[in-house]
Chemist: 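I'd like to ask some things about the structure below.
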Amino acid sequence: MSSEQHSPRGRFITFEGIDGAGKSSHLAAAAAFITSRGRRVVTTREPGGTALGEKLRGLLLGESMHLETEALLMFAARREHLAQLVEPALARGDWVLCDRFSDATYAYQSGGRGLDRGKFEQLESWVHGHLQPDLTVLFDLPAALAGQRIAAQARSLDRFEREQAGFHERVRRAYLERAAAAPWRIRVIDASQSPEAVGRTVEETIASHCR
Ligand code: TYD
């Protein structure tokens, strides 16, 4: 037998939800859970995840710009992220947990900003037609509740967090529409429950969906 064995491709799991849904802390806990089950895990985020991507993130979260520039930069950062980090990790057999991915572009730039989603379908097939998440965990809660959680954190807000509640409610609806259209991939979790209950559901979802 050859000593060069191909490790099976890892799993690609994305975490989504409106700002204030609490996904980032659950992502860290999920990484620990998967590691405890004997898998190597890489955690990352979008926009970002690479040196160039983090620079683009700074611009995207801080500078005002044309709405289409914003959408194109999201996909540019994503292209770099896939090439430099996500695809090599999956090829090594690592599991990749990513804080936001293309569902966020549909939810924010189409649902929230009102851009034509057909353009994103073209960009998506260009940038990652060959790759989709194995599982997307969608943290769902009403925008008003998410807004209260953000306000309680007493920190400076980025360009998206400063948007009105109506924007975040449209983002939420767009996420739920995507979940309804791809129920085999996107699992909706009620993020208004206690952090402990949400954490347990995240672990159960990952354990049952990804082996
Ligand atoms: P977020 O993931 O909420 O990070 P943090 O927890 O540090 O605040 O911030 C990223 C922001 O970028 C978020 O408000 C949503 C936005 N975003 C888009 O509008 N489109 C996208 O495609 C992505 C990936 C993110």
Side-chain angles (χ1 to χ4, degrees), residues 12-31 43-50 52-82 85-86 96-117 119-128 131-133 136-141 143 145-175 177-178 186 191 195 198:
F12 184 30
I13 304 177
T14 59
F15 282 51
E16 299 279 3
I18 60 174
D19 292 279
K23 62 184 171 39
S24 304
S25 43
H26 288 296
L27 188 146
T43 61
T44 186
R45 68 177 179 181
E46 289 207 351
T50 64
L52 177 62
E54 291 295 326
K55 286 184 185 165
L56 293 173
R57 179 185 180 90
L59 294 173
L60 280 159
L61 270 56
E63 304 283 331
S64 59
M65 61 186 76
H66 190 279
L67 297 186
E68 290 187 342
T69 308
E70 179 182 287
L72 289 164
L73 285 180
M74 292 290 180
F75 271 105
R78 185 161 300 136
R79 186 69 197 93
E80 187 71 11
H81 191 209
L82 286 163
L85 190 144
V86 177
V96 177
L97 298 193
C98 187
D99 196 337
R100 301 192 186 281
F101 192 60
S102 287
D103 293 308
T105 315
Y106 284 97
Y108 281 78
Q109 278 66 50
S110 180
R113 303 282 198 221
L115 294 179
D116 170 21
R117 47 169 289 157
K119 289 185 174 154
F120 300 152
E121 284 161 6
Q122 286 176 25
L123 286 166
E124 181 183 7
S125 82
W126 181 14
V127 169
H128 62 96
L131 177 73
Q132 286 293 339
T136 296
V137 184
L138 173 56
F139 294 81
D140 177 58
L141 84 172
L145 185 51
Q148 285 168 20
R149 288 187 181 176
I150 291 175
Q153 290 168 9
R155 56 179 174 81
S156 61
L157 304 182
D158 67 44
R159 218 158 61 78
F160 295 98
E161 290 167 331
R162 284 198 301 269
E163 289 287 343
Q164 301 298 315
F167 173 87
H168 293 288
E169 206 41 69
R170 291 197 300 281
V171 172
R172 180 192 187 199
R173 268 206 309 278
Y175 267 133
E177 280 165 19
R178 286 190 71 72
I186 305 179
V198 174

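Counting starts at 1 for both ligands and their atoms, in listed order.
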Chemist: Taking heavy atoms and a distance under 4.0 Å, where does Asp19 meet ligand 1: side chain, backbone, both or neither?
Modeler: side chain
Chemist: Can you tell if the side chain of His168 reaches within under 4.5 Å of the side chain of Asp19, non-hydrogen atoms only?
Modeler: yes
Chemist: Are Phe101 and Phe15 an aromatic pair by the rule of ring centers under 6.0 Å?
Modeler: no
Chemist: Would Arg78 count as a contact residue for ligand 1, given that I'm defining contact as a non-hydrogen atom of the residue lying under 4.0 Å from a ligand atom?
Modeler: yes
Chemist: Assess the side chains of Ser102 and Arg78: does a donor N or O sit below 3.5 Å from an acceptor N or O?
Modeler: yes
Chemist: Using a strict 4.0 Å cut-off to heavy atoms of Thr105, name the atoms of ligand 1 that fall inside it.
Modeler: 21 (C), 22 (O)
Chemist: Under 4.0 Å from a heavy atom of Glu161: which atoms of ligand 1 are those, numbered in the order shown and with their elements?
Modeler: 8 (O)
Chemist: Which of the numbered atoms in ligand 1 are below 4.0 angstrom from a heavy atom of Arg57?
Modeler: 1 (P), 4 (O), 5 (P), 7 (O), 9 (O), 10 (C)
Chemist: Between Ala104 and ligand 1, which residue portion shows a heavy-atom distance shorter than 4.0 Å: side chain, backbone, both, or neither?
Modeler: both
Chemist: List ligand 1 atoms under 4.0 Å from Ser24, heavy atoms only on the residue side.
Modeler: 6 (O)
Chemist: Can we say Lys119 and Glu68 salt-bridge, meaning some charged N sits less than 4.0 Å from an Asp/Glu carboxylate O?
Modeler: yes
Chemist: Answer yes or no: is there a side-chain heavy-atom contact under 4.5 Å between Val96 and Thr14?
Modeler: no
Chemist: Inspect the contact between Glu70 and Arg113 and indicate whether a charged nitrogen and a carboxylate oxygen are less than 4.0 angstrom apart.
Modeler: yes
Chemist: Answer side chain, backbone, both or neither: which part of Ala107 comes under 4.0 Å from ligand 1, heavy atoms only.
Modeler: neither
Chemist: Below 4.0 angstrom from a heavy atom of Glu46, which ligand 1 atoms are there? Numbered from 1 as shown, please.
Modeler: 24 (C)
